[in-house]
Novice: 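Here it is, the structure, as structure tokens.
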Amino acid sequence: MTHTPPPRIPQIRLYQNWLAERHGLHFDSYDALWRWSTTELDAFWQSIWDYFGVQSPTPHTAVLAKNVMPGAQWFPGAQVNYAQQVFRHVMPAHEAGFSAIVSRNEKGHQVELSWPDLRRQVASLALHLQAQGVKPGDRVAAYLPNIPETMVAFLAVVSIGAVWSVCAPDMGTNAVLDRFKQIEPVVLIASDGVTYGMKDFDRLGVVAELRAALPTVRHVILHTNLAADPAAVDRALEAAQPCAAFSTATARGDAATAAFEPLWLPFDHPLWIVYSSGTTGLPKPIVHGHGGTVIVAMALKILHNDVGCSYEPNSWGERYHWYSSTGWVMWNAQLSGLLNGTTCVLYDGNPGGSRDQPDWTTLWRFASDLRVTFFGAGAAFFAHCLKAGVELSTCGDLSQVRALGTTGSPLSEEAQRWGTEQFRRLAQGRANTVRPDAAGADPQGDIWWCNISGGTDFAGAFIGGHRELPQTPGRMQCRLMGCAVESWNEQGQPVIDEVGELVCAQPIPSMPLYFVGDVENRRLIGSYFDTYPAGHGRKPGGGDLDASAGAVWRHGDWLRIHPDGSCVIYGRSDATINRHGLRMGTSELYSAVEALPEVMDSLVVDLEYLGRESYMPLFVVLRPGLVLDAGLKARIVDAIRTALSPRFVPNEMFQVDDIPRTLSGKKQELPIKKLLLGHPLEKVINREAMANPACLDWYLRFAQAHRAASGGRAG
């Protein structure tokens, strides 16, 4: 006789039960709970602190001491450390028999890191960094792939109060330097290379270039990721000298490592620097704090994403996977599983196989082998699986998968229906021995999709999932607790069932502390807070505060909030490129393309819209007499691959006579994007404000032809 375990209670239900028992708070709908969480900010965020038992050796004197955007002051007096929160789980998780990290790469190399060994390696590397003179507030740059060593390095850096920043090894030298030069790191932790699409890419040359171009770096630690034998390891280390070996720096296991404890730091002590690109200038180096990141990550991952602690009976055996590179904020989200004692499952490589042998079952077979329970990926991954005709029944035993997560771009209705039907067939084809959901049903019979939308900018999500709400394919279920998100029309008024600008009318603890090198917060304000007047709409649901309260956060996405509270993101409302969840400023692509002597000018737009796969055309003006032939196209592609990443290669290229510009010389990216999306010409651009209005006729004809070829759709 088979034994079916008791139903799994959703994490958000456990939290609501706690609110009722502890505080007598009862809500008859999620909308009522959300409104309480966005209007009673002190009570809500204090409840999150208490519910998760956040520890501090000193009490905080207030929850939100200063409600202003930007510049909100959260939990003054409290002391926290991201690594402290992780280390709380070392003994109970280990005693229950669970690993901290399970990882596999394309070559089949698998690593399981126990909780005690995670702690020991972190302590060893932290002591090594301190011995090199690294102090709280110093910046440490990492050039590492999605492997356990990167998580170890992160925890070691932040445990001693240093500030972490990582770039993925698929990024070229120029793109990495555009980021790291701004933050002046004192240590560089790098990899000798990376494998992607079954090809090895040596990065020792890039490491040498980074070291030469970063004069503040006084110590290099090299992880030999590609070296397959001791002789190859020795050669890589010799080539990178002077450097320390990562394996040596993490090898200590003495009394000092056993006694090591992360430093208690102020709530708003800098944790990491992440990068989000606008349409002009260098990538924005965004600084988030320890406390705000920890508290928001737990509220998001546990309550809304329903990812539980692996050693808690209700979520026993949880294995959390969200496919990502280290260049995407979803790496940070995957990492956050450790905050709650959850086993993190990593895959390093191409989820679609190699270029010569594409295989979109790769990640599913990996999830089967490693018994993943929560399976997350970019929306584009599921779209590729749909197009490739993937049959999950051929991918091994996926009976442990109870939830699917998506983000990076809107998930199409078609892709969601494909995944739902695939899991319905899996449920019908096996004995019903899977742990039921709270309603007593097989969770794969109607698989739950946790579709989220947020961003690097605030290391969180504005819109996402709720395990107990109805789900409609192509939509996200709700605005998240604590996130006073609204859709505003052109008059700055909140609207329902209309497409408008996504704004957040109240602060969130994980919003940026500042940008590195940003004088008087000018870039920060210009990025999020200068669209609407200060004080306007600062109360969710309508109403103003005094101008001293600051402005609302404008995120740069088109949003429709349906009457039932579900949401649809319609793409970027600015000209930022969003490819496979990675955002890049157009200026970075122009720097690469226009460095070629043949190219005089260029313009790129990304038509990622409503869940359709990103379509990104590049328009180039060439020197007189030149033609955009196959050879020049190949050189442009190579320039983009080298300077940025293969992910930002355009879908098509077109030779044009002119690039539309304003009278002040600014490229008209957003108007051309709107034109290609089908907006009327007269509503997206003012010819009188243009330096070269005659060139618009070509783009208008192109837009009409493009929309006709794509069936009237964008992209």
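Residue numbers start at 1 and run along the sequence shown.
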Novice: Assess the residue pair Phe27 and Trp34 against the criterion (ring-ring contact (aromatic ring centres under 6.0 Å, His included)); give the C-alpha distance rounded to whole Å, side-chain angles, the decisive distance to 0.1 Å, and a yes or no.
Specialist: CA-CA 9 Å; Phe27 302 96; Trp34 175 79; over 10 Å; no

Novice: Could you work out, with side-chain hydrogen bond (donor to acceptor under 3.5 Å, both in side chains) as the rule, every residue matching Asn332, not counting sequence neighbours?
Specialist: none

Novice: When rounded to the nearest 0.5 angstrom, what distance separates CD in Glu95 from OH in Tyr311?
Specialist: 10.0 Å

Novice: Considering residues at least two apart in sequence or located in another chain, which fulfil the side-chain hydrogen bond (donor to acceptor under 3.5 Å, both in side chains) criterion with Trp164?
Specialist: none

Novice: Applying side-chain hydrogen bond (donor to acceptor under 3.5 Å, both in side chains) to Asp564 and Ser566, what does each step give before you reach the verdict?
Specialist: CA-CA 6 Å; Asp564 65 355; Ser566 63; 2.7 Å; yes

Novice: Show your working on salt bridge (Lys or Arg N to Asp or Glu O under 4.0 Å) between Arg22 and Asp50 and close with a plain yes or no.
Specialist: CA-CA 10 Å; Arg22 177 70 66 89; Asp50 294 340; 5.2 Å; no

Novice: Among Tyr30, Trp448, Trp449, find the residue that satisfies the side chain to side chain donor-acceptor pair (under 3.5 Å) test when tested with Gln477.
Specialist: Trp448

Novice: Does the distance from a Lys or Arg side-chain N to an Asp or Glu carboxylate O, for Glu421 and Arg425, drop under 4.0 Å?
Specialist: yes

Novice: Can you tell whether the side chains of Lys107 and Asp200 come within less than 4.0 Å, N to carboxylate O?
Specialist: yes

Novice: Any sub-3.5 Å donor-acceptor pair from Gln334's side-chain atoms to Tyr320's backbone N or O?
Specialist: yes

Novice: Run the side-chain contact (heavy atoms from CB on, under 4.5 Å) test against Thr361 and tell me which residues pass, sequence neighbours left out.
Specialist: Asp359, Arg365, Val390, Cys395

Novice: Indicate every side-chain donor-acceptor pair of residues 292-309 with a distance under 3.5 Å to a residue at least two apart or in another chain.
Specialist:
from	atom 1	to	atom 2	distance (Å)
Thr293	OG1	Gly289	O	2.7
His304	ND1	Gly465	O	2.8
His304	NE2	Met481	N	3.1
Asp306	OD1	Gln11	N	2.7
Asp306	OD2	Arg8	NH1	3.0
Asp306	OD2	Arg402	NH1	3.3

Novice: Can you pull the side chain to side chain donor-acceptor pair (under 3.5 Å) pairs that have at least one residue in residues 459-468, sequence neighbours excluded?
Specialist: Arg13-Glu468

Novice: Under a plain distance cut-off of 3.5 Å, with no hydrogens placed, do Asp356 and Ser354 share a side-chain donor-acceptor pair?
Specialist: no

Novice: Output all residues satisfying side-chain contact (heavy atoms from CB on, under 4.5 Å) with Ser47, sequence neighbours left out; order by chain, then residue number.
Specialist: Tyr15, Trp18, Leu19, Trp36, Phe44

Novice: Compute whether any side-chain donor of one residue and acceptor of the other, for Asn451 and Thr406, lie under 3.5 angstrom apart.
Specialist: yes

Novice: Do the side chains of Asp497 and Arg560 get close enough for a salt bridge, i.e. N-O under 4.0 angstrom?
Specialist: yes

